[in-house]
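Structure record follows, encoded as structure tokens.
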Amino acid sequence: TEVSSDQVEPDISFFQTGREAETLPDPEIKLEPLPTDRKIKVYAEYEFIRSNLTHPRFELTDNLGDADILWLASHFKDYENFSREFPGRRINQFPFENVITIKDLLCVVSRRIKDWRSGGNGPSWLPPTFNLKTELKEFVSYYQQREENGE
């Protein structure tokens, strides 16, 4: 095939296209400790958490505004304002965790590891992986090369 199957680091638009921008917490904000004079109030969108959080130190609440800990099912993005408006609250997520929870981002970030056992294109545990929206030509080339090699 005339097209290379080599995968290259995508430009910044790959990480921004089709995704909502996230912010980091404000580093100037001092994280307040959780309350010690009362039960810690937990707002949980997961039934599993609601059913199993039984320690007497915690109390479930259906009111997001009353909670000390937010256990959200949807992806949270505005950590900067969250840290400013609610410095004593905690959330079950961390900024930019999508690079390990969204498969195309995990693949690109993992490929940055140059492992000699995998030919230098990612860690040895990561098989050749293509994003068919952005790497279709490379995928076809890879397939054709393997076919020519009898693989």
Side-chain angles (χ1 to χ4, degrees), residues 1-32 34 40-55 58 60-62 64-65 67-151:
T1 178
E2 298 167 9
V3 175
S4 172
S5 63
D6 292 344
Q7 295 169 303
V8 297
E9 177 79 9
D11 64 27
I12 193 69
S13 67
F14 172 80
F15 297 95
Q16 297 170 335
T17 303
R19 307 178 207 290
E20 288 184 47
E22 291 189 30
T23 59
L24 290 169
D26 185 338
E28 301 298 317
I29 301 298
K30 184 179 183 310
L31 183 65
E32 296 175 6
L34 288 168
I40 297 171
K41 295 181 179 181
V42 179
Y43 174 84
E45 293 179 347
Y46 286 98
E47 184 55 39
F48 181 81
I49 301 296
R50 297 186 68 76
S51 299
N52 291 287
L53 185 62
T54 58
H55 191 280
F58 299 98
L60 292 170
T61 180
D62 292 326
L64 189 73
D68 301 302
I69 297 175
L70 308 177
W71 204 280
L72 305 178
S74 59
H75 189 69
F76 189 81
K77 295 171 178 49
D78 192 3
Y79 295 92
E80 184 176 30
N81 283 329
F82 183 76
S83 68
R84 288 178 181 158
E85 294 175 23
F86 309 107
R89 291 188 182 178
R90 307 299 192 278
I91 193 165
N92 68 315
Q93 301 174 26
F94 58 91
F96 302 101
E97 70 180 10
N98 60 348
V99 299
I100 59 172
T101 61
I102 297 177
K103 61 186 173 187
D104 62 329
L105 294 176
L106 175 62
C107 176
V108 167
V109 171
S110 297
R111 287 191 319 216
R112 292 175 178 169
I113 298 170
K114 300 302 179 200
D115 186 338
W116 61 269
R117 292 170 290 193
S118 67
N121 199 13
S124 57
W125 54 262
L126 181 69
T129 307
F130 297 88
N131 180 324
L132 297 182
K133 287 186 177 182
T134 60
E135 299 174 313
L136 183 59
K137 290 186 290 186
E138 292 85 354
F139 170 71
V140 171
S141 176
Y142 179 77
Y143 175 82
Q144 288 173 339
Q145 289 172 18
R146 289 189 54 134
E147 188 176 50
E148 286 173 9
N149 293 334
E151 296 178 52

Is the backbone of L72 close enough, under 3.5 Å, to the side chain of N92 for a donor and an acceptor to pair up by distance?
yes
Is there a donor-acceptor pair closer than 3.5 Å between any side-chain N or O of D11 and the backbone N or O of S13?
yes
Are the side chain of T61 and the backbone N or O of K41 linked by a donor-acceptor pair below 3.5 Å?
no
Heavy atoms, side chains only, cut-off 4.5 Å: are P25 and P95 in contact?
yes
Expected output: side-chain E45 to main-chain A73 donor-acceptor under 3.5 Å:
yes
If you round to the nearest 0.5 Å, how far is CD of E80 from CG of L24?
8.5 Å
Of the non-hydrogen atoms in D26 and S83, which two are nearest, and what is the gap between them?
N-OG, 2.9 Å
Can you tell if the side chain of Q145 reaches within under 4.5 Å of the side chain of E151, non-hydrogen atoms only?
no
Rounded distance (nearest 0.5 Å) linking atom CD of E32 with atom CZ of R90
8.5 Å
Is a donor on one side and an acceptor on the other found under 3.5 Å between the side chain of S51 and the backbone of F48?
no
NZ/NE/NH1/NH2 to OD/OE distance under 4.0 Å, R111 and E135
yes
What distance separates E9 CD from I12 CD1, expressed to the nearest 0.5 Å?
9.0 Å
Specify whether F76 and Y79 have parallel, tilted or perpendicular ring planes, treating 30° as the upper limit for parallel and 60° as the lower limit for perpendicular.
perpendicular
Any side-chain heavy atom of V109 sitting closer than 4.5 Å to one from I100?
no
Test item: Q93 side-chain N/O and S74 main-chain N/O as donor-acceptor pair under 3.5 Å:
yes
If you round to the nearest 0.5 Å, how far is OH of Y43 from CG of D68?
14.5 Å
Atom OG1 in T134, atom CZ in F14: separation rounded to 0.5 Å?
5.0 Å
Closest non-hydrogen atom pair between G88 and L34, with its separation:
O-CD2, 3.8 Å
Which heavy atom of F130 sits nearest a heavy atom of S5, and at what distance?
CE2-O, 4.0 Å
Identify the two heavy atoms, one from L70 and one from A67, that lie closest to each other, and give their separation to 0.1 Å.
CD2-CB, 3.6 Å
Whether R50 and D62 form a salt bridge (side-chain N of Lys/Arg under 4.0 Å from carboxylate O of Asp/Glu) is what I want to check.
yes
Quick one: do E28 and R84 satisfy side chain to side chain contact (heavy atoms under 4.5 Å, CB included)? Show the steps, please.
CA-CA 9 Å; E28 301 298 317; R84 288 178 181 158; over 6 Å; no
Roughly how far, to the nearest 0.5 Å, is CZ of F86 from CG of L64?
7.5 Å
Nearest heavy-atom approach of N98 to L105 is O-CD1, 3.6 Å
Could you check whether atom CD of E85 has more than 12 heavy atoms from other residues, nucleotides or ligands sitting under 6.0 Å from it?
yes
Within a strict 4.5 Å, meaning less than it, do heavy atoms of the V42 and L53 side chains meet?
yes
Run the numbers on N81 and T23 for side chain to side chain contact (heavy atoms under 4.5 Å, CB included), then give the verdict.
CA-CA 8 Å; N81 283 329; T23 59; over 6 Å; no
